[in-house]
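This is a predicted model, so every value here is computed, not measured.
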Amino acid sequence: MTNSSWTEPVVVDASNPPKYPFNNITQTKSGHSFEMDDTPSKERLRLQHRSGSFIEMHPNGDEVHKVYGDGYEITISNKNMYVKGRLKIEVEGDCEIHVAGDLIEQIDGNVEQHIKGNYTQVV
């Protein structure tokens with residue numbers, strides 16, 4: 001288990017701006033925007049709320065979804081997730097998981113836990 005931080009991937013910033021005439025932005029009076037950038041090797045799409053929350057798709061297929069506020073994801077039926085590679089979840093605060101049915105885990109490798117406080121298990 002590593003305790004390393006990560007950084008948000010960025011394609012465009014003040015030192016690496018989009019190039020005219022490849023960048024097309026539609027912006028509302030309140031500050032919402034939709035950006036389609038065809039700048040060579042920096043092609044991307046960005047949908048941004050005036051609060052700063054955004055979804056951005058990068059030229060290599062990466063996607064960044066950043067929420068300035070609380071985030072909610074609601075699925076009314078089944079949901080499946082497949083990650084071909086590593087899945088890393090970092091929580092700066094408490095984490096709570098409630099399963100209103102059975103929980104089944106299949107682990108084809110080792111399990112390692114590092115607990116710096118107490119460990120309580122109630123069955």
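H49 is not listed as a side-chain neighbour of Y68, based on a closest heavy-atom distance of 4.5 Å or more. D62 has its side chain out of reach of M57: every pair of non-hydrogen atoms, C-beta onward, lies at least 4.5 Å apart. Side-chain contact check for H58 versus V64: some heavy-atom pair is nearer than 4.5 Å. Counting heavy atoms from C-beta on, the side chains of Y72 and D70 come closer than 4.5 Å. You'll find the side chain of K42 reaches within 4.5 Å of the side chain of N16, heavy atoms only.
Within 6.0 Å of atom CD1 in I115, more than 12 heavy atoms from other residues, nucleotides or ligands are found, so the atom counts as buried in its surroundings.
Placement of I104 and V111 in two distinct hydrophobic clusters is found when ILVMFWY residues are connected by side-chain heavy-atom separations under 4.5 Å, directly or transitively. Neither F34 nor F54 shares a network with the other; the hydrophobic side chains, linked directly or stepwise wherever heavy atoms of I, L, V, M, F, W or Y lie under 4.5 Å apart, form separate groups for each.
Listed here is the closest heavy atom pair of S41 and P59: O-CG, 3.7 Å.
A search for side-chain hydrogen bond (donor to acceptor under 3.5 Å, both in side chains) contacts involving D38 returns nothing, not counting sequence neighbours. Qualifying ring-ring contact (aromatic ring centres under 6.0 Å, His included) partners for H65, counting only residues two or more places apart in sequence or in other chains: none.
Taken from OH in Y82 to NZ in K84, the straight-line distance is 5.0 Å, to the nearest 0.5 Å. The distance from the OG atom of S53 to the NZ atom of K66 is 9.5 Å, given to the nearest 0.5 Å. Separation of atoms CD (Q48) and OG (S33) is listed at 4.5 Å; rounding is to 0.5 Å. Atom CG of L103 sits about 5.0 Å away from atom CD of E105, to the nearest 0.5 Å.
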For residues 20-27, which side-chain N or O atoms pair as donor and acceptor with protein atoms under 3.5 Å away, sequence neighbours left out?
unit_1: N23; atom_1: ND2; unit_2: E35; atom_2: OE2; d: 3.0

>> Under the criterion side chain to side chain contact (heavy atoms under 4.5 Å, CB included), I'd like the reasoning laid out for E56 against E63: C-alpha separation, chi angles, the key distance, then a yes or no.
In response: CA-CA 6 Å; E56 184 173 72; E63 181 178 287; over 6 Å; no
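A donor-acceptor pair shorter than 3.5 Å cannot be found between the side chains of E112 and N110.
A donor-acceptor contact shorter than 3.5 Å is absent between the side chain of T39 and the backbone of E43.
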